[in-house]
Amino acid sequence: MRLTLSVIKADVGSVGGHTKPSTRMMAAVEGEVAKAICNGLLIDGFICHTGDDIAIIMTHTRGEGSSEVHQFAWKAFLAATAVAKNSGLYGAGQDLLVDAPSGNVRGAGPGVAELSFEHSLSGSRPAESFMVFAADKCGPGAYNLPLYLTFADPMYCAGLMLPPMIKGFRFHVIDMDHTAGDSVIELDAPADGYHIAALLRDNERFGIDRIVSRTYDEVAVAVSAQRLHSIAGKYTGKDDPVAIVRNQGIFPAPEEIVSPFAKAHFVGGDARGSHVMPLMPVPLNTPVTGMYCLPIVSCAGFSIDKNGRFSESYTDFFDNPAWDEVRRRAQRKAIEMRSQGWSGAAMLPYSELEYGGFRDTVSALLKRFRLRGERKPEAAE
């Protein structure tokens, strides 16, 4: 069967500030998912949160961009929003930027990552396993570096030198500043490796949209590469991306995929989406309660049975003592960067500040600049 994996996430309210959704909010979404499975819309579904973002992970046969699946997710988030409003929670419905999208919800606020494949548990994929990354307090470019290192650099992924991957992968890179439609370029690694790097170095404008095996023409990665401030025209919260990454066999192994996250690399995000801070790997369902509102990322792993359902439980990749040292490193990097306060590289440049208040402050000051020697305008009588 042609199986589709869909991950749709949104921040629709949180307890005590932008920390985590309430238990009742999560229960509301879980109830909607259970009904969608019973009525046959979904084959299976899984709910989790990273910081204050709720993610719905789904399998179904409706295809990518299905209005039925997307409308279901929108209604599930509306149910959680209603709970948040009744409970007086912070940011109720924050990521729902339109009143009622008519079709799929891409461009309406929620982050969407989807990919489809023939699911037969045979041929090049005798077992189907995948991982879902979910990040909070950062932008969609946060995955640029780790995914590039995994799918284009044998120093991080030795599997790239094996026959199933030796031809490399095709990177679909999207220009996130282009709001009239999806503006995408396709570049092949390793041949176009330097060109890919030239684009992906700019996390705020260019992001990986998907990655495809050049040997098997199978989609390996899908990322929710869209920016809320480009959609809404103002700061409504950071973009907080999700990514689906298939693994094993013709794709990199899980350990090769997660290894680059040990860098705790710097990304744009943090408080008001305006700082530069390290990305810290955390277990699923981790609230944002640490100092500086550190950008965080979780990773859940699943296998899919012959019927398209998730097999057994899931694997929480970052819930392991091996990542404790990385978390300490991330916190040390954060303390050092934030000790620089508002100066220079510690904050995003003016052109990328997503919090409207900063822009308003600077815009008002710019109106007061004068050429040296120019007379000040006469005050109105």
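These values consider heavy atoms only, across backbone and side chains, with no hydrogens, waters or symmetry-generated copies.
- Residues V245 and L147 have side chains in contact (heavy-atom distance under 4.5 Å, counting atoms from C-beta outward).
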Hey, mind stepping through E218 and R246 against salt bridge (charged side-chain N to carboxylate O under 4.0 Å, His left out) and telling me if it holds?
CA-CA 10 Å; E218 288 272 357; R246 297 167 74 191; 3.0 Å; yes

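- Placement of Y143 and L294 in two distinct hydrophobic clusters is found when ILVMFWY residues are connected by side-chain heavy-atom separations under 4.5 Å, directly or transitively.
- Counting heavy atoms from C-beta outward, S87 and R24 have side chains that approach closer than 4.5 Å.
- Residues I335 and M277 share a hydrophobic cluster, clusters being chains of Ile/Leu/Val/Met/Phe/Trp/Tyr side chains in contact below 4.5 Å.
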Quick one, I257 with F133, criterion side-chain contact (heavy atoms from CB on, under 4.5 Å). Give me CA distance, side-chain angles, the key distance, then yes/no.
CA-CA 11 Å; I257 296 167; F133 290 90; 3.7 Å; yes

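- Evaluated for a side chain to side chain contact (heavy atoms under 4.5 Å, CB included) with V221, the options I211, T150, D209 yield exactly one hit, I211.
- Grouped with L365 in a hydrophobic cluster is no other residue, since no side-chain heavy-atom contact under 4.5 Å to another Ile, Leu, Val, Met, Phe, Trp or Tyr is found.
- Taking the side chain as every heavy atom from C-beta outward, N285 and C48 approach each other to under 4.5 Å.
- Between R329 atom CZ and W323 atom CH2 the span is 9.5 Å, to the nearest 0.5 Å.
- Here CE of M280 is found 12.5 Å from NZ of K333. Values are rounded to the nearest 0.5 Å.
- Under the 4.5 Å side-chain criterion, counting only non-hydrogen atoms from C-beta, L187 is in contact with L199.
- In this structure, M176 and G141 approach most closely via the heavy-atom pair CE-N, 4.4 Å.
- Distance alone, capped at 3.5 Å, is enough to place a donor-acceptor pair between the D305 side chain and the N307 backbone.
- For R368, the CZ atom counts as loosely surrounded, since its 6.0 Å shell holds 12 or fewer non-hydrogen atoms of other residues, nucleotides or ligands.
- In this structure, the side chain of T59 engages the main chain of G308 through a donor-acceptor pair within 3.5 Å.
- The line from CD1 of I56 to NE2 of H49 is 14.0 Å long, rounded to the nearest 0.5 Å.
- Shortest non-hydrogen contact noted between L41 and R62 is CA-NH2, 3.6 Å.
- When side chains are defined from C-beta on, I296 does not count as touching K137, because their heavy atoms never get closer than 4.5 Å.
- In this structure a side-chain-to-backbone donor-acceptor pair under 3.5 Å is missing from Y148 to D153.
- In this structure, K20 does not pair ionically with D52, as no charged nitrogen and carboxylate oxygen lie closer than 4.0 Å.
- I57 forms part of a hydrophobic cluster together with M1, L3, L5, V7, I43, F46, L115, F117, F130, V132, V212, V219, V242, I244, L284, F302, I304, F310, Y314, judged by ILVMFWY side-chain heavy-atom separations under 4.5 Å.
- The minimum heavy-atom distance linking P241 with C138 is given by the pair CD-O, 3.6 Å.
- To the nearest 0.5 Å, the span separating OG on S298 from CG on D316 amounts to 7.5 Å.
- Between V258 and P254 there is no side-chain heavy-atom pair separated by less than 4.5 Å.
- Shown here is R201, whose CZ atom has no more than 12 heavy atoms of other residues, nucleotides or ligands within 6.0 Å.
- When only modelled atom types and interatomic distance are considered, D136 and T50 share no side-chain donor-acceptor pair under 3.5 Å.
- Grouping the Ile, Leu, Val, Met, Phe, Trp and Tyr side chains by contacts below 4.5 angstrom, directly or via other members, places L279 with L149.
- In the hydrophobic clustering of this structure, M131 does not group with I47; members are Ile, Leu, Val, Met, Phe, Trp, Tyr whose side-chain heavy atoms approach within less than 4.5 Å, directly or through other members.
- Using a distance-only test at 3.5 Å, with no hydrogens or angles considered, a donor-acceptor pair links the side chain of D202 to the main chain of R205.
- Aromatic ring orientation, F151 versus F169: perpendicular (interplanar angle above 60°, classes split at 30° and 60°).
- Atom CG of D324 has more than 12 neighbouring heavy atoms from other residues, nucleotides or ligands inside a 6.0 Å radius.
- One distance of note links CD1 of I185 with CZ of F206; it measures 9.0 Å at 0.5 Å rounding.
- Following chains of ILVMFWY side-chain contacts shorter than 4.5 Å, one cannot reach M155 starting from Y194, and the two form parts of different hydrophobic clusters.
- Using a 3.5 Å distance cut-off with no hydrogens or angles, the side chains of S213 and T215 do not pair a donor with an acceptor.
- Within 6.0 Å of NE2 on H265 lie more than 12 heavy atoms contributed by other residues, nucleotides or ligands.
- D11 places a side-chain N or O within donor-acceptor distance of the main-chain N or O of G13, the cut-off being under 3.5 Å.
- Pairs of residues two or more places apart, or lying in two chains, never qualify as salt bridge (Lys or Arg N to Asp or Glu O under 4.0 Å) while including a residue from residues 247-266.
- At least one donor-acceptor pair under 3.5 Å links the side chain of H70 to the backbone N or O of V105.
- Considering every non-hydrogen atom in both A127 and L121, the closest pair reads CA-CD2, 4.0 Å.
- For the pair T4/S66, no side-chain contact is recorded, criterion being any heavy-atom separation below 4.5 Å from C-beta on.
- A donor-acceptor distance shorter than 3.5 angstrom exists from the side chain of N144 to the backbone of L200, with no hydrogens or angles considered.
- In this structure a side-chain-to-backbone donor-acceptor pair under 3.5 Å is missing from D44 to R309.
- Listed here is the closest heavy atom pair of E114 and G65: OE1-N, 2.9 Å.
- Atoms CZ and CE, on F72 and M58 in that order, are 6.0 Å from each other to the nearest 0.5 Å.
- Contact record, T81 with A92: CG2-C, 4.1 Å, taken as the closest heavy-atom pair.
- Checked by atom type and distance alone, the side chain of R2 never pairs as donor or acceptor with a backbone atom of T61 at under 3.5 Å.
- The aromatic rings of H18 and Y90 sit perpendicular, their planes meeting at an angle over 60°, well past the 30° parallel limit.
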